[in-house]
Amino acid sequence: MANSVFGPIPNREVHEGFMRKAIEMAELALASDETPVGCVFVHKGEIIGRGINGTNASLNGTRHAEFVALAEIMAKHPQSILKDTDLYVTVEPCIMCASALRQYGIRAVYFGCLNDRFGGCGGVMQIHSDKSVDPPYPVYGGLFREEAIMLLRRFYVQENEKAPEPKPKKNRELKTEILPVNVATPAASKPSTPMPQG
Amino acid sequence: MASPVDSKAPKDFDVAPKSRMVHLKTKEETRQGNETIKVWTVELPSQDSVDLQHLRRFAKPKYLPQHVIGQRDLVKEMYAIPRAWESTPLAVMQAPATTVWEYSTPAKLRSSNRPPTLHLLICPVHVIALADLHSLLLDRVPFCSSADSWAYPLQIKQVTVPLLAPTSPEQADAWSSDYWPTFYRKTNPFGAHPATIAKAEDDLQRPATGNLGVEKAMTLAKKAGIETQCRDYGIGPGCVIMERADNVTEIIAVAGDARQKPLLGGSGIPGGQGGCNGNIMGHAVMRAVGMIGRKRLRVATPLISGRAAKAERNFENCGLDHDEKARDAFFLDLPITPLEEQYFVKDNIKPDGYLCLRLEVFLTHEPCMMCSMALVHSRVGRVIFANRIPQTGGLTAEMIRNDSGPVGLGYGLCWRKELNWQFMCWEYIEPKNKDTGNVDQDNKAEAGGGELKLMLNDNNANVSSFASTHV
């Protein structure tokens with residue numbers, strides 16, 4: 001099920017170029033102690049919106065990177081531009097964002113790694129393709145998947161001071177082994193990294 | 001056993017000589033606690049095993065359905081007759097409450113509380129083939145012949161039993177008579193604990209003086225939706241979010257749907273040309289949740305607000321545009337009607353709380369998948385919605401009902417084990433006789449708290465005109 005979103009991607013190099021921009025956003029976020037998820041929206045080869053998580057700034061658990069980028073787009077463009085726009089995001093959109101993107105009419109979504117905690121495009125649910133009143137959108141996963149996972153792992157080995165009661169994480173060490181996507185057992189095909197809440 | 005005649009006793013009698021009766025333990029009771037038996041146990045991964053804790057391992061025939069017991073078998077009966085007379089001499093005892101002495105046998109007494117046979121649930125049929133199980137048991141007492149006993153007839157039956165635990169005593173009773181003696185453990189393994197649900201329903205249907213009940217909260221949610229609709233901002237849904245701190249309720253956010261409110265980008269009504277979805281961020285739930293974040297920022301202690309400000313600067317560090325007006329117009333997390341304003345300006349939220357942790361949410365309509373997941377992300381505690389939205393709603397777990405047809409997509413996001421948060425959720429049924437001016441006392445009492453039903457038990461779908469719209 002989840003593996004179906006890791007199929008071959010036509011013109012992979014082009015998409016890798018945009019995913020590189022999304023990874024750069026995530027790197028910037030990590031440098032600022034923010035959950036390292038980054039995204040860019042691309043319209044006709046041009047980046048029209050970029051985002052990182054905004055949950056810590058807004059104390060709003062729904063202010064995900066996709067929404068921050070959409071706010072930038074909507075400030076300058078009509079909403080209909082999204083019908084010809086693709087999203088590149090380092091981590092699979094969550095169920096909430098997957099539904100929002102479908103309602104906004106996004107053209108396609110490219111992502112790095114799956115979100116096995118609450119992914120909406122294959123990780124936990126298939127919001128992009130389930131029966132719905134809105135047209136489905138195609139999803140392509142696995143672009144710089146290892147880098148996307150490593151960004152999250154690097155974030156989680158840091159002490160998370162925002163937790164209500166900080167727990168010692170002295171024993172946490174940075175794991176570098178990443179299992180390939182096409183392992184036979186379903187449990188092993190998921191990245192073992194805890195996913196961000198935002 | 002501690003003796004009553006120990007060194008302490010005289011002292012106690014000096015202080016307070018109280019008579020006391022201690023009931024003697026029966027022979028069986030004293031036996032119970034100190035007799036043990038060695039058994040084989042084995043540890044196995046729970047994910048690979050079938051957990052049948054809700055079923056009796058040993059069942060008395062009288063509690064089994066007839067189809068499980070099967071035909072009368074004389075050979076079995078012969079074997080199972082108590083043969084105590086063979087070895088135990090007759091005893092003479094006095095019958096209780098009479099002075100008559102009569103003959104009795106211990107075996108006869110025992111037979112009254114212990115059935116001659118028991119039925120053992122062995123294991124799921126896929127674990128071992130029937131032939132293998134048969135030969136395994138034939139080698140063992142009582143199914144094998146030996147010097148001092150003859151073989152009890154081995155008859156292995158395949159029986160259908162419920163795989164999962166029952167969620168109510170009625171269900172356990174029904175399953176016991178249809179399948180196999182089943183336990184109900186006064187808990188619900190598939191949802192909130194029944195006592196927690198009952199407490200919540202009590203809080204909401206019989207609010208303490210000064211607290212907000214479900215009926216008033218729902219009326220306010222409806223009003224919020226109408227107010228934005230009147231201004232052509234939205235299509236009618238409304239949302240009220242309440243905090244319950246130290247048993248006192250406070251309305252902390254009120255928001256109406258505002259998906260049609262024009263954005264700054266000059267595109268007029270959002271989504272005007274390409275369908276009627278509008279600005280998805282304008283859904284009532286998203287707006288109310290956003291307003292709570294705003295309020296939290298406002299009342300935060302310096303530590304928390306300092307962290308938020310630092311996070312805000314990250315946007316600049318990452319080279320993101322910082323057009324506050326455009327952002328506000330998109331997210332719509334500021335009040336846009338006097339009613340919303342009235343509740344937004346109050347600093348009535350407990351400072352430094354986490355997102356919408358355990359808050360209570362009242363909705364005129366079942367939220368869409370985006371809004372349902374937003375409630376999960378926000379860690380809300382209780383959600384009550386009035387109208388099911390079968391084609392887009394994200395909370396209903398059922399899909400089809402016999403009487404009313406399709407009732408939902410079946411996502412049931414309020415309680416999914418695979419997600420990291422669950423909350424209680426009810427469908428709200430409007431009080432009856434709402435439009436009748438003169439309601440007599442009885443009816444009033446009946447309709448008083450509104451009808452609050454757990455979604456899964458309800459059989460009264462309320463399909464509104466929003467059927468194919470995300471709410």
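Each chain gets a letter, A, B and so on, in the order its sequence line appears, and its residues count up from 1. For the numbers below, each heavy atom of this structure counts, side chains included, while hydrogens, waters and symmetry mates do not.
Side chains of B:N277 and A:D134: a donor on one and an acceptor on the other come within 3.5 Å. A donor-acceptor contact closer than 3.5 angstrom links the side chains of A:N56 and A:E34.
Top candidate by heavy-atom pairs under 4.5 Å with chain A, chosen from B:C318, B:A308, B:A311, is B:C318. Per-residue counts of heavy-atom pairs under 4.5 Å with chain A were compared for B:N314, B:L409, B:I292, B:N317; the largest is that of B:N314. Per-residue counts of heavy-atom pairs under 4.5 Å with chain A were compared for B:S305, B:C356, B:G319; the largest is that of B:G319. Top candidate by heavy-atom pairs under 4.5 Å with chain A, chosen from B:K295, B:R296, B:R313, B:M373, is B:M373.
Ion pairing between A:D33 and B:K310 holds under the 4.0 Å rule for side-chain N and carboxylate O. Here B:R287 pairs with B:E340 in a salt bridge; the nearest charged N to carboxylate O distance falls below 4.0 Å. Look at B:R298 and B:D347 and you find a salt bridge, because one of the NZ, NE, NH1 or NH2 atoms lies within 4.0 Å of a carboxylate O, short of that distance. Taking a cutoff of 4.0 Å between a charged side-chain nitrogen and a carboxylate oxygen, A:R102 and A:D130 do not qualify as a salt bridge. Salt bridge annotation for B:D328-B:R294: present, with a cationic side-chain nitrogen under 4.0 angstrom from a carboxylate oxygen.
Relative ring orientation between A:F67 and B:F331 is described as tilted, the plane-to-plane angle lying within the 30° to 60° band.
For B:L413, the part lying near chain A is the side chain, with the backbone staying farther off; criterion is any non-hydrogen pair under 4.5 Å. Within the 4.5 angstrom heavy-atom criterion, only side-chain atoms of B:R416, from C-beta onward, approach chain A. A:L70 touches chain B through backbone and side chain together, each having a heavy atom under 4.5 Å away. A:Q103 touches chain B through backbone and side chain together, each having a heavy atom under 4.5 Å away. Interface remark: B:D352 contributes no atoms to any contact with chain A (heavy atom separation under 4.5 Å). Contacts between A:C97 and chain B at a heavy-atom distance below 4.5 Å are absent for every atom of the residue.
Heavy atoms of other residues, nucleotides or ligands lying less than 6.0 angstrom from CD of B:E418 number more than 12.
The heavy-atom pair separating A:R107 from A:Y137 by the smallest distance is O-CB, 3.8 Å.
Less than 6.0 angstrom separates the ring centroid of A:H64 from the ring centroid of B:H377.
Near-neighbour residues of residues 16-31 of chain A relative to chain B, defined by a heavy atom under 4.5 Å from a heavy atom of that chain, comprise A:M25, A:L28, A:A29.
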